[in-house]
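Right, one structure below, let's go through it.
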Amino acid sequence: MPPTTTQRGYGWTHQQARAAAIAHLRKVGTLPCARNCGKPVLPHQARHLDLDHTDDRTGYRGLAHRTCNRRAGQAKAQAHQRTRSTKPTRSSNTITSRPW
């Protein structure tokens, strides 16, 4: 069973913001996907929508298709892994010269 939203770090504030965004979607009828996939976000998709964060996680971008949001998060994580793996590391058996 997948972890709950609270277990994944999305507490009460996030859940309330998502519920408000979905209520707004039901009033409006359709919105663009926050991840700009080109497809609309529709009210009947509410169970499959994520409330997307800004990249710095200080706010929300809006509702996004779950697949769009998770794909973007995965791509960001992979890019972060690539930058970490390209940094030079100091081997434990490296001999360094001393000035004395």
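In this structure, the separation between CG on Leu42 and OG1 on Thr30 is 4.5 Å, given to the nearest 0.5 Å. Going from atom CG of Asp52 over to atom CG of Asn69 covers 4.0 Å, rounded to the nearest 0.5 Å. Put simply, CG on Leu63 and CG on Asp50 are 9.0 Å apart, with the number rounded to the nearest 0.5 Å. Rounding to the nearest 0.5 angstrom, the gap separating the CG atom in Leu49 from the CZ atom in Arg47 is 11.0 Å. Remark: Arg70 CZ to Arg66 CZ distance equals 5.0 Å, nearest 0.5 Å. Considering NZ of Lys76 and CD of Gln74, their distance stands at 14.0 Å, rounded to 0.5 Å.
Residue Arg57 comes nearest to Tyr10 through the heavy atom pair NH2-OH, 3.3 Å, listed as atom of the first residue, atom of the second, then distance. Considering all non-hydrogen atoms of both residues, His14 and Leu51 come closest at CE1-O, 3.5 Å. Residues Pro43 and Arg26 come closest through the heavy atom pair CB-CG, 4.2 Å. Considering every non-hydrogen atom in both His80 and Thr83, the closest pair reads O-OG1, 2.8 Å.
Between the Gln7 side chain and the Thr4 main chain, a donor and an acceptor come within less than 3.5 Å of each other. Here the side chain of Thr54 pairs no donor or acceptor atom with the backbone of Arg61 at under 3.5 angstrom. A donor-acceptor pair under 3.5 Å is formed between the side chain of Asp56 and the backbone N or O of Thr58.
Residues passing the salt bridge (charged side-chain N to carboxylate O under 4.0 Å, His left out) test with Arg71: none are found, sequence neighbours excluded.
Under a hydrophobic clustering in which Ile, Leu, Val, Met, Phe, Trp and Tyr are joined whenever their side-chain heavy atoms come within less than 4.5 Å, directly or via other members, Ile22 and Trp12 fall into different clusters.
Looking at heavy atoms from C-beta onward, Thr67 lies out of side-chain contact with His48 at the 4.5 angstrom threshold. Considering only heavy atoms from C-beta on, Arg18 stays 4.5 Å or farther from Tyr60 through its side chain. Annotation: side chain of His65 is in contact with side chain of Lys39 (closest heavy-atom distance under 4.5 Å). Looking at heavy atoms from C-beta onward, His24 lies in side-chain contact with Leu31 at the 4.5 angstrom threshold.
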